[in-house]
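Below: the structure, in structure tokens.
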Amino acid sequence: MTFKSILFSVFFLAVSAFITTAADLKPNEELAFWKEKYPSENGVILNKIEQVEIKINKDGELDINSYSQFERILLNNKANMYSSASVYSDFFIETEVDKAYSLVPIDNKYKKYKVKEFTESDSYSSHVFYSDSKLKKFNFSGLVEGSKTYYSYNRKYLQPRFLGSFYFSTYLPVANSSYQIICDANVQLKWKYFGLDTNQIQFTKTIKGSKVIYQWQMTDVEHYKSGNRGPDTRYYEPHLQLRIASYTYKGKKIPLLNDIEDLHNWYAELIEPVNKNISPEIKSIADSITNGLNSEMDKVQAIYYWVQDHIKYVAIENGLGGFVPREANLVCERRYGDCKDMSSMLFALMEAVGIQGHLTWIGSRDIPYSYADVPTPSADNHMICTYIDENNQPHFLDATGKFLPFNLPNSFIQGKEAIIHMPDGSYRLSKVPVTKMEDNVFADTSVLNINKDGTITGSGTTTMNSYFQISMNNTLDALSAQKRKDYFQHLFIKGNNTAKTDVSKIINQGERDKPLSIKYDFSIKNYITISDNELFINPHLHKRFKDLSIDTKQEFFAVENRDKNIEKYQITLNIPDGYTVKYVPKPGAFKEQEFGFWVNYIQSSDGKSIVISYSVYHNYLLLPQDRFETYNKMTKELRRAFNESIILKKI
Amino acid sequence: MKTALNTIGLLLLLTLSSYAQTFHVNYDWDKDPKLTELNKEMAAEPSVGLLNLKVYDYFYDPTNNNYPAEILTIHVKTQVNSDEAIERNNRVYIPMGSAVKLIEAKARVIKKDGKIVNFNKDNIKSSSDLDEEGEFQFFAIDGVEKGSEIEYLYVVQKNPYFNGRSLSFQDNAWSLNNVFKVFAPSNLGFSFLSLNGFPEVEIDTNYTEVNAYSAKIDTLEPLYSEEFAAYRANLAGVVYKLENNGSKKNLVNYAEVAANYWSNSHPELSKSAKKTISKIISKELKIKGDEPELERVRKIESYIKTNYRTLDMAISSEIDDILTNKITTEFGVIKLFVAFFDLQGIKYELGLTSDRQDLKFRQDFEAHVFLQSAFMYLPNIDMYLKADDILYRVGILPAENTENYGLFMKNVVVGDFSTAVGKIKFIPALDADATVSTIDLSLDMNEDLTEPKIKLTREFTGYTAANLQPLYNLMDEENKTSISESMMKLPGESAEVVEYTVENIDEEDINVKPLKYVGTITYPDLIEKAGEKVLLKVGELIGPQVPLYQEKVRKLPVENDHNRAYVRTLKIELPKGYKAQNLDDLKFDIVGLDNTIGFTSTYELKGQTLIININEYYNQISYPLSDFEEYKKVINAAADFNKVVLVLVKM
């Protein structure tokens with residue numbers, strides 16, 4: 001590769017100062033040096049370097065090539081767990097391995113083993129139905145404690161808009177992390193830092209003749225963790241989002257991604273050819289769905305539900321197909337597609353009955369960027385279709401969400417910005433609302449009877465709306481009669497694990513616009529304790545609230561919640577004949593803005609029953625680490641409140 | 001294992017017979033398909049298999065020097081009645097790992113209204129390594145809606161396989177019209193073994209020119225997995241293999257396997273390999289001549305399992321390469337053990353067997369499909385060794401390989417000629433006293449009752465240690481903490497760990513000393529208050545015990561993974577001034593099935609000190625279906641004990 005040699009001749013010296021920090025040491029000294037620095041790590045990435053060169057070619061287009069290097073030392077006897085490595089390519093990024101070898105300490109000298117075999121494979125998980133991404137895989141030989149591994153590769157970016165993410169941290173601590181760009185002075189770059197500790201990034205800009213060298217560097221970068229319930233790594237790993245805003249060729253400024261407008265212009269170009277002709281089949285489907293409906297809103301809703309019901313979600317990531325919606329005619333025939341295809345279908349069905357739909361780009365909540373900060377394809381990963389009503393209100397239609405009611409956003413795009421494409425070629429930026437906890441409720445009402453033989457029997461009704469309702473509809477849809485029984489058994493487990501539940505009725509299953517209700521009967525053995533003419537019963541049969549606490553040894557940064565929600569319970573305990581109430585616990589509560597609970601006990605005036613009610617609410621999507629302590633205080637209080645029994649006495 | 005076993009030599013099968021007429025040429029789906037009417041019970045299920053046809057067609061391929069070839073025809077038709085079933089069935093994956101070419105693939109959807117959507121061949125995609133499971137061709141099926149029938153038919157030519165294949169026709173959905181056929185030239189005879197109610201395969205006399213075999217069963221009921229059962233080993237299916245080629249009978253036999261496997265695992269060692277291994281034995285392992293054999297085996301095993309890693313890839317299993325690369329295949333590791341043992345003069349037999357949870361080893365049918373898992377047997381110390389799995393150490397084999405027959409191979413020398421003979425022998429399961437979980441805890445109720453402190457010691461041996469002890473030091477700190485904490489949170493997730501230590505986790509402790517956790521926890525849920533009285537949920541101290549329900553008619557006989565015992569000692573200092581009202585609730589004495597299983601609990605009270613001793617054991621792997629109820633009693637006794645609550649009242 002000629003590119004590499006050019007880059008090396010000019011800039012390698014600057015970077016190599018870091019590479020050689022410990023290079024003069026003997027293997028045992030080098031191992032001791034790093035072990036002392038990182039005693040509890042399996043290894044250290046000595047260098048994580050990407051050097052990018054951006055050139056304007058004679059056709060006035062950008063040639064973007066980069067050279068990446070990874071050097072690593074392994075610090076203990078788990079070394080050979082790190083034997084395998086791979087590099088990634090896809091339709092827009094060509095990657096070629098340059099060098100790969102291991103250095104194995106033998107008699108306190110490094111012996112070099114070159115990697116000879118590389119296997120290329122398509123690599124993606126089957127939840128993405130098809131993708132053109134490929135992995136070149138290889139194995140390092142002879143890895144023992146103190147071994148080093150090195151590999152480097154050349155990369156060609158075929159689409160300049162995909163350049164520009166660099167993560168300073170990774171799965172091991174990094175001694176030296178560096179991203180470098182060399183480009184002509186008339187290439188304009190813009191960038192922004194994200195994640196933690198970005199104040200430690202050292203930035204330099206050097207001008208050498210007609211070239212400008214940008215460098216971002218971080219040293220001694222820790223291995224960041226977020227735990228099991230935390231948000232995506234993009235929220236906390238220190239990284240750079242860089243873009244080529246524009247470049248000047250022969251005096252003419254060529255915009256790429258200076259701002260949202262540029263991004264939208266490019267997106268608009270991609271979708272321009274799609275859905276020029278709407279097939280008669282689509283027309284006839286649209287007519288039959290909307291037949292008899294008067295308002296535009298009703299028609300949109302009917303179309304939306306039809307697409308949810310009839311087009312299956314299948315993810316396909318194939319070249320530009322990963323960015324351009326397929327023709328609605330094809331989607332209609334196939335009856336499946338990805339998010340873009342479903343949006344295309346919604347658009348076409350609406351168009352067929354004279355309603356204006358708008359293709360809309362949006363990022364899921366995994367992505368922490370706003371379009372203003374990152375007006376690049378990195379800011380989104382999803383497409384929906386928007387309908388704008390006569391009051392200029394947008395309605396976001398995401399047909400990938402099965403059973404999703406009209407006007408309820410899919411949980412994973414709540415609060416995200418959307419770029420809505422307008423028919424005149426402009427765009428509108430709108431925010432998807434966050435569903436309020438009051439609108440997302442799980443409510444359970446039940447009656448408990450204590451029988452002569454000491455068993456408990458009862459019946460109840462659980463009513464769900466919004467996300468609770470959607471999840472339940474998805475679950476019910478997936479289960480066979482047999483499995484459904486097991487599932488309810490598990491769902492309604494009450495008191496202890498002898499509880500048996502029979503669902504007697506499901507109301508509004510599969511309905512989007514009416515709450516879902518499940519009626520059930522249950523019986524529990526071995527739950528109450530009877531001793532010395534007294535009967536002890538803990539009325540808090542749902543034990544799941546006992547363990548809401550956040551494990552502060554496992555979770556860092558923040559804890560994510562799918563949605564804001566309230567769970568409400570009301571239990572009527574009938575006092576069995578021959579008993580009287582001897583003791584009822586006191587009410588309790590713990591209320592914060594983001595979370596809380598309350599519990600209450602009311603005895604009926606005739607002494608025949610006690611009504612126990614409680615609510616637990618979670619009013620956040622992301623709970624930052626500094627709130628963990630208060631949250632856990634709440635869970636402790638909740639547990640204490642739930643560990644109180646009622647005493648009934650034999651008359 | 002395929003590489004190690006050698007497949008039947010193709011030349012052996014060469015013949016001048018010119019049979020080339022193959023099944024698939026004349027086979028096709030119904031030109032005018034009709035929807036299948038299902039009875040009410042079936043129609044309520046998410047999916048029903050309407051046709052499941054598998055035909056293997058053997059012939060001599062004139063385009064390839066008349067070498068034997070194999071063509072597989074798969075024809076499947078499924079009715080789907082839920083979205084989840086659609087998503088499960090609307091993608092077809094054709095494994096191409098051993099395939100030569102895909103001859104035909106087509107699919108269609110018959111909609112509820114009888115309309116047919118044909119499949120577009122352009123939809124076929126291929127992946128060289130899907131989910132790291134090898135090469136596949138696959139496609140999504142267009143146009144599926146609820147109530148549709150999905151039908152696909154594909155024909156694939158594969159490298160012929162004669163050594164024994166196992167096919168299953170049953171799963172957890174109704175399966176109608178199950179057809180299995182084999183066609184072969186008249187000089188190739190096959191033999192068959194039907195499993196679990198699959199009909200006997202019979203010679204189809206309609207064919208005279210070729211050998212035709214056929215089995216058909218109209219209805220296979222859904223079989224659901226059940227607790228304590230070998231589900232997969234109970235599914236209806238068939239095993240078949242090549243039996244004779246006209247001139248030679250018994251073509252697939254264990255005598256040949258033994259000879260091949262032995263010679264493949266005993267390559268002649270190079271001088272340098274011998275030198276390296278001898279050096280490891282003397283310098284690193286410091287094995288002396290008079291050391292007991294078990295000690296020598298342990299040192300060698302420990303060295304190999306910590307210094308070499310297996311990868312499931314096509315990498316070298318040559319001894320010289322393994323010694324350098326430190327990575328190899330599972331078979332490479334077996335060869336390495338062989339080389340070490342030979343140089344140490346340690347006697348061994350090599351063994352191969354099946355996973356009895358999948359397919360029980362059969363003494364009456366010799367086929368490679370029963371030879372999927374390798375083991376070693378050391379006759380001098382009468383112990384088994386799993387060379388190619390780091391989870392096990394000498395003395396213990398994976399449970400699924402025990403209580404099963406296996407092929408044992410040992411060396412015989414006749415004059416100058418050395419070969420191996422095979423013999424089928426039983427691999428006994430380890431007794432319950434080899435897998436013991438011990439709980440030893442004490443609790444002083446005179447301390448803070450809202451946060452009761454419990455001193456806890458847990459010990460694990462045998463299988464309960466095997467999935468943890470060897471991995472402990474390989475885990476990262478987070479995993480170590482999370483697993484250890486879950487061990488300490490014995491009574492429930494809401495327990496909090498105050499402090500703990502983990503003992504016997506060094507390499508030399510594995511399967512020698514019990515894995516041990518010692519520490520202190522608090523468990524606020526242990527005590528409930530009811531006015532003046534205290535409820536001590538003593539049963540929860542043994543941890544959650546899942547009761548065994550069998551509401552439906554039990555179908556599968558009892559089969560345990562392994563034998564096991566639980567020994568628990570609970571020492572509780574009751575608070576001063578209080579007495580327990582209902583101590584006799586602690587007494588349990590449930591013993592069954594000829595004393596092979598039991599749950600017993602006794603207590604003694606000395607002053608305020610209450611000591612409870614609980615013994616629970618399961619010492620037989622399998623029982624007939626008729627013993628299930630008695631088996632359930634013991635399992636449920638533990639679950640009942642878990643719910644015992646003591647009422648403490650002021651004296």
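Below, chain A is the first sequence line, B the second, and so on; all start at residue 1.
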Could you have a look at [options] and say which one has the most heavy-atom pairs with chain A under 4.5 angstrom?
{"options": "Leu646(B), Val645(B), Leu474(B)", "answer": "Leu474(B)"}
{"options": "Asp525(B), Val117(B), Thr324(B)", "answer": "Asp525(B)"}
{"options": "Asn325(B), Asp321(B), Ile86(B)", "answer": "Asn325(B)"}
{"options": "Ala173(B), Ser482(B), Ala85(B)", "answer": "Ser482(B)"}

For [X], is it the side chain, the backbone, both, or neither that has a heavy atom closer than 4.5 Å to a heavy atom of chain A?
{"X": "Glu478(B)", "result": "both"}
{"X": "Tyr308(B)", "result": "backbone"}
{"X": "Asn473(B)", "result": "backbone"}
{"X": "Glu45(B)", "result": "side chain"}

Which portion of [X] sits near chain B, non-hydrogen atoms under 4.5 angstrom:
{"X": "Ile647(A)", "value": "side chain"}
{"X": "Phe140(A)", "value": "backbone"}
{"X": "Lys582(A)", "value": "side chain"}
{"X": "Glu333(A)", "value": "backbone"}
{"X": "Ser549(A)", "value": "neither"}

Dump the intermediate steps for side chain to side chain contact (heavy atoms under 4.5 Å, CB included) on Asp532(A) and Val649(B), then the final yes or no.
CA-CA 10 Å; Asp532(A) 199 22; Val649(B) 293; 5.8 Å; no
Quick one: do Gln581(B) and Glu534(A) satisfy side chain to side chain contact (heavy atoms under 4.5 Å, CB included)? Show the steps, please.
CA-CA 11 Å; Gln581(B) 278 183 336; Glu534(A) 288 180 341; 5.7 Å; no
Taking all non-hydrogen atoms of both residues into account, name the closest pair between [X] and [Y] and its distance.
{"X": "Arg335(A)", "Y": "Val144(B)", "answer": "CB-N, 4.0 Å"}
{"X": "Arg309(B)", "Y": "Ser84(A)", "answer": "NH1-OG, 4.3 Å"}
{"X": "Asn80(A)", "Y": "Lys326(B)", "answer": "ND2-O, 3.8 Å"}
{"X": "Phe536(A)", "Y": "Lys533(B)", "answer": "CZ-CD, 3.7 Å"}
{"X": "Tyr583(A)", "Y": "Gly531(B)", "answer": "CE2-N, 3.1 Å"}
{"X": "Val497(B)", "Y": "Lys553(A)", "answer": "O-NZ, 4.1 Å"}

For chain B, find which of [options] contributes the most heavy-atom pairs closer than 4.5 angstrom.
{"options": "Lys525(A), Lys636(A), Glu117(A), Lys111(A)", "value": "Lys636(A)"}
{"options": "Thr635(A), Asn139(A), Leu143(A), Val144(A)", "value": "Asn139(A)"}
{"options": "Glu120(A), Lys225(A), Arg640(A)", "value": "Lys225(A)"}

Answer whether the closest heavy-atom distance between the side chains of Thr529(A) and Asn582(B) falls below 4.5 Å.
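The answer is yes, as the side chains (C-beta and beyond) meet within the 4.5 Å cut-off.
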Looking at side-chain heavy atoms only, is the closest gap between Glu84(B) and Asn474(A) below 4.5 Å?
no
Asn643(A) and Lys537(B): CA distance, side-chain angles, deciding distance, side chain to side chain contact (heavy atoms under 4.5 Å, CB included) verdict:
CA-CA 11 Å; Asn643(A) 277 342; Lys537(B) 294 193 262 176; 4.1 Å; yes
I'd like to know whether Asp476(B) forms a side chain to side chain contact (heavy atoms under 4.5 Å, CB included) with Tyr171(A), so could you lay out the CA-CA distance, the side-chain angles of the two residues, the decisive distance to 0.1 Å, and finally the verdict.
CA-CA 11 Å; Asp476(B) 60 32; Tyr171(A) 63 96; over 6 Å; no
Check: Pro585(A) main-chain N/O paired with Lys529(B) side-chain donor or acceptor under 3.5 Å:
no
Return yes if some donor-acceptor pair links the side-chain N/O of Arg639(A) with the main-chain N/O of Ser494(B) below 3.5 Å, else return no.
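Here the side-chain-to-backbone pair exists.
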Residue pairs meeting salt bridge (charged side-chain N to carboxylate O under 4.0 Å, His left out), one or both in residues 635-651 of chain B, sequence neighbours left out, come to Glu532(B)-Lys650(B)
Would you please name every residue forming a ring-ring contact (aromatic ring centres under 6.0 Å, His included) with Tyr224(B), sequence neighbours left out?
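For Tyr224(B), no residue satisfies ring-ring contact (aromatic ring centres under 6.0 Å, His included) once neighbours in sequence are set aside.
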Asp477(A) and Lys146(B) ion-paired at < 4.0 Å:
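Yes, charged N to carboxylate O under 4.0 Å.
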